[in-house]
Number of protein chains: 2
Amino acid sequence: MSPRGFSCHDHATCMSDMLERAETRCRDKGLNLTPVRRRTLEILLDEHRALGAYDLLAQLAAEGLGSQPPVAYRALDFLVNAGLAHKIEALNAYVACTHSGADHAPAFLICRGCRAVAEASTAPASGRLGDAARAAGFQIERTVVEAQGLCPDCQQDPAA
Amino acid sequence: MSPRGFSCHDHATCMSDMLERAETRCRDKGLNLTPVRRRTLEILLDEHRALGAYDLLAQLAAEGLGSQPPVAYRALDFLVNAGLAHKIEALNAYVACTHSGADHAPAFLICRGCRAVAEASTAPASGRLGDAARAAGFQIERTVVEAQGLCPDCQQDPAA
DNA sequence: ATCAGGCATGTTATAACATATCAACCCCGA
DNA sequence: TCGGGGTTGATATGTTATAACATGCCTGAT
Ligand SMILES: [Zn+2]
Ligand SMILES: [Zn+2]
Ligand SMILES: [Zn+2]
Ligand SMILES: [Zn+2]
């Protein structure tokens with residue numbers, strides 16, 4: 001529920017914490033965090049904002065880790081399935097998960113100025129949408145909740 | 001708040017009601033519901049489910065209303081801007097608005113089996129996401145709320 | 001030792017979604 | 001008659017995502 005991404009923080013620590021968590025998590029779940037996958041996660045964590053698959057691919061290619069689209073999409077699929085990254089549907093872009101815990105239903109605040117993304121949580125089955133779903137007999141499997149707008153920094157930017 | 005789209009109804013009446021509303025609305029707002037735009041809306045209303053821009057384009061082309069991508073995207077842009085249709089971000093697809101009234105913040109229940117879509121409403125600024133936004137100083141301009149799952153029909157379908 | 005299976009990766013090609021740009025046309029009012 | 005706004009026609013291109021098939025590598029069974 002408490003967002004991250006718009007606030008100043010010790011980014012080096014933030015990154016190494018998250019990477020360590022990712023490794024622990026993969027070890028526990030028997031998943032293979034290979035070099036390409038790990039590097040992809042690092043890039044996403046480093047940016048703290050939404051990156052397109054082809055932006056990532058350019059980075060990976062510059063580092064000699066592969067140059068064809070499937071390289072990026074495979075790595076992203078792995079990370080998303082492992083719960084280490086999320087797709088931002090409204091941007092067709094990807095972001096590292098900043099939620100340390102296990103499975104969760106993420107919600108996002110997305111700045112249209114700088115593409116910074118803060119991750120919060122939803123309670124999928126509660127609220128009006130849950131009511132509507134129950135009323136209709138609809139079985140919810142996944143929710144996409146994305147709020148677009150301006151982050152505090154970009155609200156003051158002249159180029160708003 | 002009450003969804004439509006998963007329930008049996010008199011579809012002919014449903015369509016003509018919605019079309020009439022659309023015409024009234026365009027007249028009132030000084031918008032020009034041209035033949036292509038009107039036909040695009042009819043197709044979306046008729047389906048009651050999410051259609052890709054190229055699906056629509058194929059329909060329009062079959063009727064001699066244009067065969068190039070901009071035809072479909074222009075019509076869809078018009079309808080979305082006029083509040084007569086919505087984009088489903090998670091599917092890169094479009095659906096007719098079933099909410100008769102004025103501007104509103106839509107939320108959707110989307111069946112992954114049949115792509116049927118029911119439209120409900122959100123209360124953008126309330127709830128946990130609104131709290132998180134206020135806490136972060138984030139100014140929400142638009143929200144995307146899409147729940148994916150199975151509609152009652154598709155839950156019983158063998159091909160689930 | 002060898003072979004089959006799973007899994008990650010390499011490589012090519014293509015599908016699917018979306019926009020830029022410029023020309024032509026039509027309507028209406030100056 | 002002329003000019004501007006809005007709509008459409010047409011060509012080309014940009015962007016996002018996946019299909020399909022081949023290769024290498026490890027591991028466990030025979
Ligand atoms: Zn997350
Ligand atoms: Zn920003
Ligand atoms: Zn609507
Ligand atoms: Zn269904």
Side-chain angles (χ1 to χ4, degrees), chain A residues 22-23 26-27 29-41 43-44 49-82 84-95 110 112 115 144 146, chain B residues 23 26-27 29-41 43-44 49-82 84-95 110 112 115 144 146 148:
Chain A
E23 281 181 347
C26 286
R27 212 178 313 114
K29 299 218 265 172
L31 299 174
N32 190 357
L33 189 61
T34 63
V36 185
R37 293 167 178 176
R38 188 192 153 100
R39 184 66 193 128
T40 302
L41 179 57
I43 294 168
L44 287 177
R49 66 196 180 90
L51 289 181
Y54 281 73
D55 296 333
L56 270 163
L57 180 58
Q59 273 280 321
L60 294 174
E63 302 173 16
L65 289 171
S67 60
Q68 300 307 316
V71 172
Y73 283 101
R74 283 166 179 164
L76 287 167
D77 281 356
F78 172 87
L79 294 173
V80 168
N81 282 302
L84 300 171
H86 301 291
K87 180 171 186 181
I88 304 296
E89 299 288 353
L91 300 178
N92 293 317
Y94 303 82
V95 70
I110 305 158
R112 69 171 161 79
R115 307 236 299 186
V144 174
E146 301 174 1
Chain B
E23 282 182 346
C26 286
R27 212 178 314 113
K29 300 219 264 172
L31 299 173
N32 190 358
L33 189 61
T34 64
V36 186
R37 292 168 179 174
R38 188 192 152 98
R39 185 66 193 129
T40 302
L41 179 57
I43 294 168
L44 288 176
R49 65 194 181 92
L51 289 182
Y54 280 70
D55 296 334
L56 271 163
L57 180 57
Q59 273 280 319
L60 294 174
E63 303 174 14
L65 288 171
S67 60
Q68 300 307 316
V71 172
Y73 283 102
R74 283 166 179 163
L76 287 168
D77 280 357
F78 172 87
L79 294 173
V80 168
N81 281 293
L84 299 172
H86 301 291
K87 179 171 187 181
I88 304 296
E89 298 288 352
L91 300 178
N92 293 319
Y94 303 82
V95 70
I110 305 159
R112 69 170 160 79
R115 306 237 301 185
V144 174
E146 300 174 0
Q148 299 181 58

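Side chains are part of it too, since the values below use all heavy atoms of this structure and drop only hydrogens, waters and symmetry mates. The chains referred to below are lettered A, B, ... by the order of the sequence lines, with proteins before strands, and numbering in each begins at 1.
The CG-P distance, from Leu91(A) to dA18(C), rounds to 13 Å in whole Å. The distance from atom CG of Leu60(A) to atom C1' of dG10(C) is 14 Å, rounded to the nearest whole Å. Between the C1' atom of dA20(D) and the OH atom of Tyr73(A) lies a distance of 17 Å, rounded to the nearest Å. In this structure, CZ of Arg39(B) is placed 19 Å from C1' of dT8(D), rounded to the nearest angstrom. Distance CG (Leu56(A)) to P (dT16(D)): 11 Å, rounded to an integer number of Å. One atom, CD of Gln68(A), and another, C1' of dC21(D), lie 15 Å apart when rounded to the nearest Å. Rounded to whole angstrom, the span from the CD1 atom of Ile88(B) across to the P atom of dC17(C) amounts to 14 Å. Atom CG in Leu57(A) sits roughly 13 Å away from atom P in dT11(C) (whole-Å rounding).
In this model, a side-chain donor or acceptor of Arg74(A) finds a partner on the base of dG10(C) within 3.5 Å. In terms of polar N and O atoms assigned as donor or acceptor, the side chain of Tyr54(B) never comes within less than 3.5 Å of the base of dA15(C) in a complementary pairing.
Closest to the side chain of Pro69(B), out of dC17(C), dT19(C), dT7(D), is dT19(C). When the nucleotides dA19(D), dA20(C), dA17(D) are ranked by their closest atom to the side chain of Pro70(A), dA19(D) comes out on top. The side chain of Val36(A) has dT9(C) as its nearest neighbour among dT9(C), dA18(C), dA17(D). Among the nucleotides dA18(C), dT7(D), dA8(C), the one closest to any side-chain atom of Arg37(A) is dA8(C).
Counting heavy atoms from C-beta outward, Arg37(B) and Asn32(B) have side chains that approach closer than 4.5 Å. Residues Gln59(B) and Asp55(B) form no side-chain contact, since every pair of their non-hydrogen atoms from C-beta on lies 4.5 Å or further apart. Contact annotation: the side chain of Leu84(B) never approaches that of Leu44(B) to less than 4.5 Å [non-hydrogen atoms, C-beta and beyond]. For the pair Glu89(A)/Val144(B), no side-chain contact is recorded, criterion being any heavy-atom separation below 4.5 Å from C-beta on. Looking at Asn92(B) and Lys87(B), their side chains come closer than 4.5 Å, going by heavy atoms from C-beta outward.
Comparing Thr34(B) and Asn92(B) by the nucleotide of DNA chain D whose heavy atom lies nearest to each, the residue mapping closer to the 5' end is Thr34(B).
Contact between the side-chain N/O atoms of Lys87(B) and the OP1/OP2 oxygens of dA18(C) is found at a separation under 4.0 Å.
Nucleic acid contact for Phe78(A): none, since no nucleic acid atom lies under 4.0 Å from a heavy atom of the residue.
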